Student: 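Supplied in structure tokens, the structure appears directly below.
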Amino acid sequence: MAKSYYLNAENLSLLPKDISVPSYDRDLISTSIVHIGVSNFHRSHQAYYIHELIDKYNELNYGICGVDLLDSDRKIYNILKDQDGLFTLYTKEKNGSHKAKIIGSIVEYFYGPENPLAVIEKMANPDIKIISLTIAEDGYHLNEITGEFDINHPGVTEDIKNPFSPKTVFGYLTQSFKLRKLRNLPGCTIISCDNIKSNGDTMKQSLLKYVSKIEPDLLDWIAKNTSFPNTMVDRITPITNSKDINTLKEDFFIDDQWPVVCESFSQWIIEDQFIHDRPSWDKVGVQYTQNIAPFENLKLRLLNASHTILGILGTLHGYKTVYETANDTDFMFFLKTFLDEEVTPTLTDSDKKSIENYKKSLVSRFLNPHINDQLFRICQESSAKVPLFILPTVKHQLENEKKVKSAAFVIAAWTKYNDGVDDNDNPYEIIDTLSGTLIRTAALSIQNPIKFLEIKSIFDDLSQNEVFTSYYLEALALLRENKVKTCIQNWNAN
Ligand code: CS2
């Protein structure tokens, strides 16, 4: 094997010349963003945009301080510490051209479980103008039916008991705002970068509920000194696998313990509501808008819903990646029917042309054979995703007495998915906060098929709707007797 270079600040200049490395002096960067949740997605998206801004426009005042809060984040924390915050963005085009770019925008890094007070201090620092978040759908602790913050979530009640060593983002934000108020410091903008409907409003409502319980005197300060713009974020970013790590070593001579793989497509739309001046991120492709709803509906109901559907149906069949499933015409035909007949009529705030273009580009993105986006990744935490990505479509269609046949099939397939065995009798793991309930109720539904749809915390009273349940029961009966591929070949034919 050819010599590879361990990725860190010292070795940057040794990397081959065709690898894009930061052109800027990272020591001159000042940090104005704290980002909570240094996930692969944060690294392929926000950290990338900020890197581009510093690299191309020499705007040195947007450095990121990464913060991780979960025990499970220790590995990425240790690796990024070792690599001086540097990592490789490994972009894979559909035509096979692959590029490696070293991203340098994360210049500081804190780990909550190690030193919560240091994190609170950093978040309260007046130089920090923006606190952004990638905490995943389940990090918001929402009640699936009401969509409201669950103040009784175990993590939240822990934070209420131990406010000075918080574990949740709500605990950290509250303590840091308290310090800002006490010290008479300015506030900041909170930017949620998760696939949640009205993610900024949701974050704000959740935080206010938490604060009114624990620190009601702070409510007025928050109202006057913070803003929570809604955003739409998009870039397909699979889980990094060992093959990618090896290819980077062998073909690019970069020894990176945790690179990020992604597609070249990327979109970030933010509502123009900032406490300080609006950042100049539009120079590198960020779009500002007054109204996020149309963008958000396209993204959640078309892209994320398609992912969930390909994830569930593909896993049942025995496929492992989005590409494999999307490349199968039966699955793609099923998906297309759902998007055209059930989702498109709900997208009343977008024009026809944008919807059709969006759908076309989606299919093309799913068919990138080099992005090994794992169905396993997509199916994680489906109990938080289905209510955000699919059930709003069902609700809209039922209210308008329109078609829900494909959606009912998908929910029936999700029921069967929770049996944990594919059509070749191979088992797979159900990774979900509600896995116990999902697995138990799916098993009960073998005797009593409506049982799964009666999980109120996910479906509310959907099991009472005769139109939906009749399709659902028919689909579940078919799926219990036949392979998923046979079922979808026939489902839309009659
Ligand atoms: C995926 C998203 O997690 C999921 O279910 O649909 O992570 C998706 O890949 C991103 O939102 C793409 O921007």
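This structure is a prediction, so every number in the text was calculated from the model and none was measured. We count ligands from 1, going down the list as the structure has it; atoms in each ligand are counted the same way.
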Student: Salt bridge between Asp282 and Arg278, side-chain N to carboxylate O under 4.0 Å?
Tutor: yes
Student: Are Asp256 and Lys249 close enough for a salt bridge, meaning some N to O gap below 4.0 Å?
Tutor: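 A salt bridge is absent here (no side-chain N lies under 4.0 Å from a carboxylate O).
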Student: Just say parallel, tilted or perpendicular for the rings of Tyr62 and Trp281, cut-offs at 30° and 60°.
Tutor: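 Plane angle over 60°, so perpendicular.
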Student: Applying the ring pair (Phe, Tyr, Trp, His ring centres under 6.0 Å) criterion to Tyr90, which one of Tyr48, Phe252, Trp258 satisfies it?
Tutor: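 Going through the options one by one, the only one that passes is Phe252.
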Student: So if I count the atoms of ligand 1 from 1 in the order they appear, which ones are less than 4.0 Å from some heavy atom of Arg235?
Tutor: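 With Arg235 as reference, the close atoms of ligand 1 come out as 12 (C), 13 (O).
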Student: Should the proximity of Asp234 to ligand 1, defined as any heavy atom under 4.0 Å, be assigned to the side chain, the backbone, both, or neither?
Tutor: both
Student: Of the protein's non-hydrogen atoms, which lies at the shortest distance from atom 2 (C) of ligand 1, and what is that distance?
Tutor: Asn304 ND2, 3.5 Å
Student: Once you measure the plane-to-plane angle for Phe170 and His141, does it fall in the parallel (<30°), tilted (30-60°) or perpendicular (>60°) bin?
Tutor: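 The rings of Phe170 and His141 sit tilted, inter-plane angle from 30° to 60°.
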Student: Just going by heavy-atom distances, which of Lys299, Arg365, Gln380, Glu381 is nearest to atom 10 (C) of ligand 1?
Tutor: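 Nearest option to atom 10 (C) of ligand 1, by heavy atoms: Lys299.
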Student: Output the list of atoms in ligand 1 that are nearer than 4.0 Å to some heavy atom of His307, sorted by atom number.
Tutor: 1 (C), 6 (O), 8 (C), 9 (O)
Student: Mind checking whether Thr308 has a heavy atom under 4.0 Å from ligand 1?
Tutor: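 Judged by the 4.0 Å heavy-atom criterion, Thr308 does not count as contacting ligand 1.
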Student: At what distance is the nearest protein heavy atom to atom 9 (O) of ligand 1, and which residue and atom is it?
Tutor: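 Here the nearest protein heavy atom works out to Arg377 NH2, 2.8 Å.
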Student: At what distance is the nearest protein heavy atom to atom 4 (C) of ligand 1, and which residue and atom is it?
Tutor: Lys385 NZ, 3.4 Å
Student: Which one of Lys416, Lys485, Lys483 satisfies the salt bridge (Lys or Arg N to Asp or Glu O under 4.0 Å) criterion with Asp423?
Tutor: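 Considering Lys416, Lys485, Lys483, a salt bridge (Lys or Arg N to Asp or Glu O under 4.0 Å) with Asp423 is found only for Lys416.
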